[in-house]
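Before any comments, here is the structure.
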Amino acid sequence: MTNIDLLDGLNPSQKQAVSHIDGPLLMLAGPGSGKTRVVTHRVGYMIQQGISPTSILALTFTNKAADEMRSRLHRLVGDVPVWMGTFHGFCVRLLRRYARLVGLPENFSIYDTDDALSVLKTALQAAQFSLTHVSLNTLAEKISFYKNRLVTPEQLQAEALSSDEHQISQIYPFYQQQLLKCGAVDFDDLLMHTAVMLRSSPALQAELDERFRYVMVDEYQDTNLAQYVILRHLCVRFPNLAATGDPDQSIYGWRGANLQNIAYLERDYPTVRIVRLEQNYRSTPEILAVADGLIQNNQYRKAKRLVPTRVPGTPVRLSVYATARREAEDIAEQIAAGVNAGQRHLRDYAVLYRTNAQSRLIEQGLQQRHMPYQVIGGYRFYLRREVKDLVAYLLLLNNPDDNVAFERVINTPPRGIGKQTLQKISQASLAQRLSMLAACRTMVAEKSLDKRALSGLTGFLKLFDTLSEYVHGSLVELIRTTIELTGYREYLAKQNSRDDRDADALANLDELLAEAADLDHSTDDGSPLESFLEYAALQGDLDKMQSDGDLVTLMTLHAAKGLEFPCVYIIALEENILPHQRSRDEPLGLEEERRLLFVGLTRAQDQLQLSYARRRGFRGQESPVIPSSFLMELPRDQMQRIDLSESSDEYSQDEFGVDDYNQAAPLWDDDPAQTVRATHDSHDYDTLDDVCQVAPDELDPHSINSTRSLMLASNLASTAANSSRYSPKLYCQGRIVCHPTYGSGRIIAASGLGPKRSVTVEFFSDGLRHTFRLSHVHLNIEEES
DNA sequence: ACTCGTAGCCTTTTT
DNA sequence: GGCTACGAGT
């Protein structure tokens, strides 16, 4: 690496940023400005200059960003021991070592949002707080808000001024106390405890300041006050703080992200060098013009340029559809056409939306055409019930004070311990100031319970003690033993025999074991159990995204930040969706929504389509929509508008008032002959199977495990679906099927995957519709004449 | 104590 | 439209 000139091939501002090593630095990096390149080159350059890699700390917002940075740096200069990770991960490591400074045990548990909610519930009881005027979620959000602002329970109690603050101050201390009792932290605590620790312990602050002489932060615009305080304390004697950010891409205000942090940086580090990266290497000028036109509408914004460097391409398109279903179908068809024409791969395409729920229709559209895809985000693996149950056993083994884990596992699988017994345990634990597990032990010793509960508890304690012996061994061994001794597999089978997520749940257990095996083998420092628990708590599905497979990518606009794709679709540009309804409550909400769309627009390299539907279903009810007000802010004269909604009824509203853009415009791809293929006849897509390398129908379900690491859970589902008698290919819209009692009919709707797949059939005999789960009813396919 | 049914919430976005 | 949490019934 010593001979590479890391300044080579950079533009002047990039060079400035890379070669600025000592002293504070703020990089205002627009989208597609080669920011990651600059950051990695900078680290490489620092190492070349003789700076020790272990004195460099690079913090990111997501695991995905950290991984990306790590692999780019690896390619550039090989393996170097630079600390790269998320804020939360960094805080966990610090807190594990210095936990006692903030009154935590070293083996503290990390609670996700669900766990935190159940802690809040117990806290409400302890505080005798009645939930008449606020919802649990609202309370949780408000507590989170204060934590992000570094307001401790004590401070809030002392300073509560408004009635709102007063209300929270009645519950927040109880919540925090409950967490401490469990030896647990929530996500916000990771930051808050660390910040408080650094602030109150000058010795530790000085030590870490010295240890991490060079600190870098990515996505600085998304940091909150707690994060700023952490950074500030790491950069006092050695103020070598390099922050990268783009105020126009700040989209986490709802999580306490504070754009003010940029101002704080300038205030606290007056000598800060500010470098602007404005050249855009990603997108065509057409795309940038639209993005720029939009973001200009933000009032609270520092003027910033988007300077195109690419040659002109195709215009940005705005498509209008009659319904959301048509929108999904047309997008799937367009992608199919692009792939069929040999111009594109499936991996070149991304469909972006505002809320996770909106992936469903797109998924259906792609499924009907047998096109593989990956959905990023949504339900996370570690949030699935069976996974959480097992992780709870591990949490309790690691931290016997963890009452949330205790309550989760004490009667899972059922062992005769019900509400009554649980209440007694809880009372005893409260009275004797013991953890619930410890309280159990005394109760069993005193035999102060009825026979059934007593035998159940005795069994549980014995189980726990047996499992405890495995804690320091291999993870796989521990998890496998837990599954065996609890009879969890049998429990699942019994649970699901009538429900039918059987296969899914069992597959998840295997997935869990596989992940454990990975961790067993990559034995880094510390106990494998704790690394696993940390991994389970802080790893999102986002990180599993694969960029090497050939798949269409579906994700939210938030998840798309930092990524780029040749072809991007942004759907549902409709009022109350984008901008989202709830953004109206916040005074700056609309501006953040606009930035969110800006992020989406600037993901596209070559082609970009925005769309809305005149009618869209919401909670089962389809109704007319109002086009997004953002559409009116775009430079329409430079865009191509295509109206594919055949009839405009009196409900439909046009985003431009008058329908004068309604000319029949050509589609994206230059060769019109190619686009003609995108018809509604689904038989055309059978040829796609070769192109897309869909798993064949007869795929052996057992082979799924071997390719496990390459596939997302969602993908597993669709592969499994193809492999079974629930194949979406067989049971799709339009098929004629025969039901044992109702006779013949046509499938008019289908949804779900695998054993969950259900179809709605309209029967020829009486015209009535019935919905079936394919796992319950066998429907014979009839050939159409 | 466990099972089944349904009412009500939900859906912003993530560590 | 789907999940979940709670309540009534066994």
Side-chain angles (χ1 to χ4, degrees), chain A residues 59-66 85-92 110-114 116-118 121 135-137 141 144 147-148 185-191 219 222-224 226-227 250-257 352-361 376-380 382-383 385 411 413-422 450 452-453 456 494-495 498-499 501 534-543 555-561 572 576-586 589 592-593 595-596 599-600 617-622 749 751-752 756 758 760 771:
Chain A
L59 294 174
T60 62
F61 198 56
T62 64
N63 294 295
K64 187 181 65 181
T86 62
F87 263 103
H88 289 84
F90 174 72
C91 292
V92 171
I110 303 166
Y111 283 171
D112 64 32
T113 321
D114 285 347
L117 238 45
S118 80
K121 272 185 206 162
S135 79
L136 202 63
N137 270 317
E141 268 169 35
S144 170
K147 287 189 171 181
N148 286 326
V185 298
D186 62 22
F187 285 139
D188 303 312
D189 280 341
L190 290 173
L191 303 175
E219 308 285 8
D222 288 326
T223 53
N224 58 37
Q227 285 162 324
S250 165
I251 52 176
Y252 286 98
W254 52 275
R255 234 175 81 180
L352 309 181
Y353 36 81
R354 179 63 235 261
T355 64
N356 278 309
Q358 286 163 342
S359 71
R360 187 160 273 133
L361 280 175
I376 310 299
Y379 308 102
R380 259 178 281 171
Y382 283 98
L383 294 182
R385 175 195 261 142
N411 205 34
R415 41 178 80 88
I417 294 146
K419 225 199 242 163
Q420 296 288 323
T421 317
L422 206 57
D450 67 71
R452 179 140 106 192
K494 213 167 90 190
Q495 283 280 295
R498 47 180 191 288
D499 220 23
R501 24 171 306 181
E534 178 191 324
Y535 182 81
L538 297 180
Q539 211 72 7
D541 262 3
L542 203 69
D543 316 305
M555 63 182 143
T556 63
L557 289 161
H558 281 88
K561 193 171 66 165
N576 297 326
I577 294 179
L578 184 59
H580 195 272
Q581 170 118 50
R582 281 185 57 169
S583 68
R584 288 174 197 289
D585 305 340
E586 290 291 318
E592 180 152 316
E593 294 289 305
R595 290 193 293 266
L596 188 57
V599 166
F618 185 65
R619 288 182 201 165
Q621 207 65 45
E622 188 176 81
S751 65
K756 282 182 183 169
S758 62
T760 304
T771 302

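None of the values given here were measured: they were computed from a predicted structure. Chain identifiers are assigned alphabetically (A, B, ...) following the order of the sequence lines, protein sequences preceding nucleic acid strands; residue numbering begins at 1 within each chain.
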Interatomic distance, [X] [atom1] vs [N] [atom2] [rounded to whole Å]:
X: A/Asp114; N: B/dT14; atom1: CG; atom2: C1'; result: 13 Å
X: A/Asn63; N: B/dT14; atom1: CG; atom2: C1'; result: 11 Å
X: A/Lys419; N: C/dA8; atom1: NZ; atom2: P; result: 10 Å
X: A/Gln358; N: B/dC10; atom1: CD; atom2: P; result: 18 Å
X: A/Leu190; N: B/dT15; atom1: CG; atom2: P; result: 13 Å
X: A/Tyr353; N: B/dT14; atom1: OH; atom2: P; result: 9 Å
X: A/Arg385; N: C/dA5; atom1: CZ; atom2: P; result: 8 Å
X: A/Asn137; N: B/dC9; atom1: CG; atom2: P; result: 12 Å

Return the nearest nucleotide to the side chain of [X]; candidates are [options].
X: A/Ala357; options: C/dG2, B/dT14, B/dT11; value: B/dT11
X: A/Phe618; options: B/dT13, B/dT15, B/dT11; value: B/dT11
X: A/Thr355; options: B/dT15, B/dA1, B/dT13; value: B/dT13
X: A/Thr113; options: B/dT14, B/dT15, C/dG2; value: B/dT15
X: A/His558; options: B/dC2, C/dG2, B/dT13; value: B/dT13
X: A/Thr86; options: B/dC2, B/dT13, B/dT15; value: B/dT15
X: A/Gln420; options: B/dA1, B/dT13, B/dT15; value: B/dA1

Give a yes/no verdict on base stacking between B/dT15 and A/Phe87: centres under 5.5 Å, planes within less than 30° of parallel. no

Taking OP1 and OP2 of B/dT15, is either one under 4.0 Å from a side-chain nitrogen or oxygen of A/Asn224? no

Using purine N1 to pyrimidine N3 plus N6-O4 or O6-N4 for Watson-Crick, or N1-O2 and O6-N3 for G-U wobble, each under 3.5 Å, what pairs with B/dC10? none

Under a 3.5 Å cut-off for both distances, is C/dG1 Watson-Crick or wobble paired, and to whom? none

Would you call A/Thr60 and A/Glu219 a side-chain contact if the rule is heavy atoms closer than 4.5 Å? no

